[in-house]
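Here's the structure, in structure tokens; my notes come after.
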Amino acid sequence: MAERLFGTNGVRGVVNEHLDCKLSLGLGMAIGAAMGGRIAMACDTRVSADMIKHAVSAGIMAAGHDVVDLGTIPTPALQLFVRDHPGISGGVMITASHNPPQFNGIKCVSGDGTEASRAEETGIEELYARGVQPAPWDEVGGMTAYAGADEEYVDRIVSAVDAEAIRGAGLTVCLDCANGAAFRTAPLLMKRLGVRAITLNCDAQGEFPGHPSEPSEDHLEDLKSLVGSTGADLGIAHDGDADRCVFITSSGGYVSGDKCLALMAGYILSRKRGGSVVTPVSTSSLVEETVEAAGGSVIRTAVGSPTVARRMMEEGSVFGGEENGGMIFPEHQYCRDGAMAAAVMLESIVLNGPLDRQVATLPVYHTEKRKIACPDNMKSKVLEYLEGIGGSATIDDTDGLKFIYDDGWVLARASGTEPAFRIYSESKDGDVARTRADKFEAAVSDYLDPGNMH
Ligand code: MG
């Protein structure tokens with residue numbers, strides 16, 4: 001079997017250490033050979049974007065295939081372009097999403113606009129390992145630029161929501177794009193929706209990402225205070241490639257991904273009663289409670305947005321997403337889309353009232369998240385060991401081990417992207433959630449302690 005290059009979110013690494021021109025060129029040839037035809041490419045705003053994009057493009061052309069360069073646009077804008085433009089066989093996005101600026105990545109998109117499946121990635125890895133024969137000199141591919149993908153994307157989102165209602169509400173938002181791929185599309189979307197946007201980190205020439213890269217609460221202090229000082233109706237923050245979106249309420253409160261997913265699911269179900277919602281095992285039980293109250297059902301999957309999207313297709317689900325701000329609206333497209341999430345949130349505020357009032361209606365759950373360093377070769381042993389310490393819990397093994405108790409649950413799973421083990425513990429009682437997280441964290445640490453031989 002060929003060496004595994006693709007992780008949970010494409011091939012990622014520190015530029016010129018792991019991810020260099022040679023790897024990018026070779027992968028480009030393999031991607032060209034695997035996809036064939038005309039391949040769309042886009043990138044985020046990282047300093048290495050041009051270097052990696054041109055190396056991958058050169059590989060695709062050397063293998064005899066054409067590149068359509070869409071410029072700097074969000075990942076979901078590339079995905080929509082690939083799906084909707086005839087004659088485009090697939091897409092490649094150059095991004096490392098929320099990773100720090102020294103990273104970049106290569107992410108593949110299937111011909112239908114969805115994230116490439118594991119089988120497609122394995123095919124590319126095998127071609128890379130075998131080496132791809134370059135095309136004869138008179139059959140190499142060419143490159144054309146296409147300038148309208150950002151406008152097409154924004155137009156599509158505007159037409160998917162009740163734009164008239166949003167325009168009539170006279171809203172003001174504060175927008176933080178982390179100086180990433182949404183720097184142009186996000187302000188443009190607000191303009192088309194008649195929403196006044198006060199921008200922060202919406203500069204492609206600004207230093208990416210403008211604040212520590214993951215759009216978590218402690219990284220969005222500037223946005224929170226901007227919302228407070230301007231009296232805006234909402235704060236919107238995207239990650240680097242804008243497939244995700246998180247929100248700040250008008251009173252400056254950060255809305256966790258779990259709460260946002262629950263509110264959005266409830267909103268979608270108010271229009272599509274009885275539908276199913278897909279989310280990974282790591283998301284809060286808040287989603288079940290909200291979805292069931294709205295007359296829907298929840299389907300749980302392993303962690304990873306391609307898994308969620310594929311299950312949504314199989315089940316004909318009305319909505320899906322993850323606890324990190326990734327939301328999938330199937331009538332729009334089967335992938336996470338940060339701009340679509342922002343537009344639907346604006347629509348829900350116009351129809352259902354301010355976000356802080358909506359958040360206040362949710363039941364309260366306490367979630368503890370822990371990360372423990374763990375060598376890759378120890379991950380399965382740790383999991384085996386943990387199986388014995390769950391006590392009265394029922395065990396769900398959809399992804400890692402989920403210990404389900406009467407008053408909460410603990411999920412223990414190996415990280416797919418780092419040498420680390422993750423513990424999630426949830427309960428309506430904060431002490432219970434914390435005590436269980438402590439217990440599992442201590443168990444993993446003890447097991448990995450070199451003083452304890454196994
Ligand atoms: Mg992302």
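Everything numeric here is computed off the predicted structure, so don't read it as measured data. Start at 1 and go down the list; that is how both ligands and their atoms are numbered. Residue numbers run from 1 in the order of the sequence given.
- One finds no salt bridge joining Arg434 and Glu441 here, because no Lys/Arg side-chain nitrogen approaches an Asp/Glu carboxylate oxygen to under 4.0 Å.
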query = Checking side chain to side chain donor-acceptor pair (under 3.5 Å) for the pair Asp241/Ser97: CA distance, chi angles, key distance, verdict?
reply = CA-CA 5 Å; Asp241 64 329; Ser97 183; 3.2 Å; yes

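- Judged purely by distance below 3.5 Å, without hydrogens or angles, the side chains of Asp176 and His211 pair a donor atom with an acceptor atom.
- Any protein N/O/S atom under 2.8 Å from the Mg ion (ligand 1) was counted, giving 4 altogether.
- Tested against Lys53 for a side-chain hydrogen bond (donor to acceptor under 3.5 Å, both in side chains), the candidates Thr72, Asp69, Asn104 yield a single pass: Asp69.
- Put simply, CD1 on Ile88 and CE on Met35 are 11.0 Å apart, with the number rounded to the nearest 0.5 Å.
- Asn201 places no side-chain N or O within 3.5 Å of a backbone atom of Cys177 that could act as its donor or acceptor partner.
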